[in-house]
S.K.: 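The structure is given below, and queries will be raised subsequently.
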Amino acid sequence: MATTPAPPTAPPKPTWDPRRAEPPFPWLRPTIRIRLTLLYGGMFLIAGIMLLSIIYLLAAQALNTGAEPLFRIAGGNDIKVTSDNCPAVNSGLSLDAFNAAISHCIDVQRQSALDNLLSRSLLALLGLAIIAFAFGYAMAGRVLSPLGRITRTARAVAGSDLSRRIELDGPDDELKELADTFDDMLERLQRAFTAQQRFVGNASHELRTPLAINRTLLEVHLSDPGAPVELQQLGKTLLATNERSEQLVEGLLLLARSDNQIVERKPVDLAEVATQAVDQVHAEAAAKGVAIRGERAAAVVQGNGVLLERIALNLVQNAVRYNVPEDGWVEVTTQVQHGQAVLVVTNTGPVVPAYEIDNLFEPFRRLRTERTGSDKGVGLGLSIARSVARAHGGHIAAEPREGGGLVMRVTLPI
């Protein structure tokens with residue numbers, strides 16, 4: 001007879017709990033509240049004991065001083081009362097005058113002892129206050145030193161150094177928990193930025209290559225003198241479309257790169273950058289009948305010259321392209337104001353409502369249009385300018401010009 005197999009036993013329960021183990025007595029955890037309570041309570045207790053001890057010693061000294069006899073009885077059969085502290089009793093006085101003089105002297109001596117005790121107590125209190133403030137300042141600095149370390153690390157991270165970590169050691173309190181959480185957040189941010197940079201690099205290769213191949217093929221076909229006119233026109237249209245796609249890709253890649261802070265900085269003169277931008281746009285401005293003017297004073301900043309030139313180029317190009325049909329002008333100036341370098345690009349042009357200003361800095365946004373439909377650009381110029389300005393620690397602002405046009409102001413720290 002076959003035996004029935006025994007049912008399988010349940011798998012053993014895991015003995016390891018992935019959750020963080022709780023201490024047996026959580027109220028004994030050396031938190032910041034408990035440590036500060038013990039510190040300030042102990043300081044108050046020590047200061048009170050010292051103050052009471054000093055007052056006791058001063059009071060004992062005052063009592064010893066006040067315990068000295070006011071008068072002495074001298075003489076044998078002829079009794080005579082003398083006193084160094086109360087000279088009034090040395091002369092012959094009646095009994096009532098003698099008692100009044102003694103009472104007055106006792107009051108004077110008591111008041112003198114109290115005044116002496118008060119003055120010395122105030123001096124002792126002043127000394128204890130100085131010691132307490134100095135000790136409290138030192139202890140507060142010691143307790144808050146981890147916050148300074150966290151702040152310095154956060155400031156370094158703000159400069160795009162995501163490899164920094166706090167790695168705070170010490171008791172397991174709120175500050176260590178904050179530092180560990182901050183380290184975990186930095187780890188995730190570093191992975192995210194690394195993935196973004198990798199994506200930008202891959203996209204740069206994958207998007208540029210086919211566009212470059214298309215441009216080469218179109219240029220080869222357009223160079224054929226025997227090609228039909230219709231094919232020539234189609235090739236020119238496709239070439240313009242391909243060029244627009246290349247500008248869009250370059251703008252998107254530059255926008256992705258410029259969102260980060262600039263790590264390597266070199267001295268860059270905004271006047272030179274603006275002059276280079278004006279030279280590049282001069283031919284287009286002459287073709288549209290737009291005059292470019294303005295005085296450009298030296299304004300040296302620390303940053304990336306290529307990106308700063310892109311700011312000036314985008315602003316000047318927009319100022320030239322979005323201008324009036326006749327007698328238009330663009331004014332480009334650079335100067336130093338209030339310890340900051342300022343680039344101002346002013347132009348004539350259509351009237352811009354104030355509520356449209358914020359939309360101009362959004363990607364693919366143009367005045368009263370959302371996306372395509374214009375041959376003046378791909379709608380990324382001001383977005384790139386804002387990102388580059390932020391990466392350099394500055395900002396860009398726009399305001400409508402009275403009579404039409406815009407006033408674009410870029411402010412960068414020196």
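In what follows, every heavy atom counts, from backbone to side chain, and hydrogens, waters and symmetry copies are set aside.
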S.K.: If you take all heavy atoms of Pro353 and Val351, which pair is closest and at what distance?
M.R.: CD-O, 3.7 Å
S.K.: Return the CG to CG distance between Leu238 and Asn214, rounded to the nearest 0.5 Å.
M.R.: 9.0 Å
S.K.: Nearest 0.5 Å, what's the CD-CG distance between Glu309 and Asn304?
M.R.: 10.5 Å
S.K.: Does Pro225 offer a backbone N or O that forms a donor-acceptor pair with the side chain of Gln232 under 3.5 Å?
M.R.: no
S.K.: Give the C-alpha distance, both sets of side-chain angles, the deciding distance and a yes or no for side-chain contact (heavy atoms from CB on, under 4.5 Å) between Gln233 and Val229.
M.R.: CA-CA 6 Å; Gln233 186 63 34; Val229 179; 5.5 Å; no
S.K.: Please determine whether the number of non-hydrogen atoms from other residues, nucleotides or ligands lying under 6.0 Å from atom CD of Gln335 exceeds 12.
M.R.: yes
S.K.: Do Pro400 and Ile357 make a side-chain contact, defined as non-hydrogen atoms from C-beta onward lying under 4.5 Å apart?
M.R.: yes
S.K.: Which heavy atom of Ile414 sits nearest a heavy atom of Val300, and at what distance?
M.R.: CG2-O, 3.4 Å
S.K.: Quick check: closest heavy atoms across Val316 and Ala277, and the distance to 0.1 Å?
M.R.: CG2-CB, 4.4 Å
S.K.: Could you give the distance from CD (Gln317) to CD (Glu284), rounded to the nearest 0.5 Å?
M.R.: 6.0 Å
S.K.: To check you understand the geometry: which heavy-atom pair defines the closest contact between Val268 and Gly303, and what is its length?
M.R.: CG2-O, 3.6 Å
S.K.: Sequence neighbours excluded, which residues qualify as side chain to side chain donor-acceptor pair (under 3.5 Å) partners of Arg215?
M.R.: Glu246
S.K.: Please give me the minimum heavy-atom distance between Ile292 and Ala285, naming the atom from each residue.
M.R.: CD1-CB, 3.8 Å
S.K.: Could you tell me whether the side chain of Ser119 reaches within less than 4.5 Å of the side chain of Leu123, counting heavy atoms only?
M.R.: no
S.K.: Verify side-chain contact (heavy atoms from CB on, under 4.5 Å) between Gln280 and Leu313, making sure each step is shown before the conclusion.
M.R.: CA-CA 8 Å; Gln280 297 182 49; Leu313 181 60; 3.7 Å; yes
S.K.: Where the side chain of Ser387 meets the backbone of Ile384, is there a donor-acceptor pair that is under 3.5 Å apart?
M.R.: no
S.K.: Can you tell me how far OG1 of Thr181 sits from NZ of Lys176, rounded to the nearest 0.5 angstrom?
M.R.: 10.0 Å
S.K.: Rounded to the nearest 0.5 Å, how far does CZ of Arg390 lie from NE2 of His392?
M.R.: 14.5 Å
S.K.: Rounded to the nearest 0.5 Å, what separates atom CG in Leu308 from atom CD in Gln302?
M.R.: 10.5 Å
S.K.: Under 4.5 Å between any side-chain heavy atoms of Leu234 and Glu230, yes or no?
M.R.: no
S.K.: Kindly say whether Phe361 contributes a backbone atom to a donor-acceptor pair with the side chain of Ser383 at under 3.5 angstrom?
M.R.: yes
S.K.: Determine whether Phe182 and Leu168 make a side-chain contact, defined as any pair of heavy atoms from C-beta on separated by less than 4.5 Å.
M.R.: no
S.K.: Of all the heavy-atom pairs spanning Ile166 and Ala179, show the shortest one and how long it is.
M.R.: CG2-CB, 3.9 Å
S.K.: Taking the basic N atoms (NZ, or NE/NH1/NH2) and the acidic carboxylate oxygens, is any pair closer than 4.0 Å for Arg188 and Asp184?
M.R.: no
S.K.: Among all residues two or more places apart in sequence or in another chain, which pass the salt bridge (charged side-chain N to carboxylate O under 4.0 Å, His left out) test with Glu399?
M.R.: none
S.K.: Tell me, do Asp269 and Val301 make a side-chain contact under 4.5 Å, heavy atoms counted?
M.R.: no
S.K.: Without swapping roles, check the side chain of Asn323 against the backbone of Thr348 for a donor-acceptor pair under 3.5 Å.
M.R.: yes
S.K.: Mind running side-chain contact (heavy atoms from CB on, under 4.5 Å) on Met408 and Asn318 for me, showing each step along the way?
M.R.: CA-CA 10 Å; Met408 307 295 297; Asn318 284 348; over 6 Å; no
S.K.: Apply side-chain contact (heavy atoms from CB on, under 4.5 Å) to residues Val388 and Asn314 and explain how you reach the verdict.
M.R.: CA-CA 11 Å; Val388 174; Asn314 288 351; over 6 Å; no
S.K.: Identify all side-chain donor-acceptor contacts of residues 340-347 below 3.5 Å with residues at least two apart in sequence or on another chain.
M.R.:
{"unit_1": "Asn347", "atom_1": "OD1", "unit_2": "Leu406", "atom_2": "N", "d": "3.2"}
{"unit_1": "Asn347", "atom_1": "ND2", "unit_2": "Ala319", "atom_2": "O", "d": "3.3"}
{"unit_1": "Asn347", "atom_1": "ND2", "unit_2": "Tyr322", "atom_2": "O", "d": "3.1"}

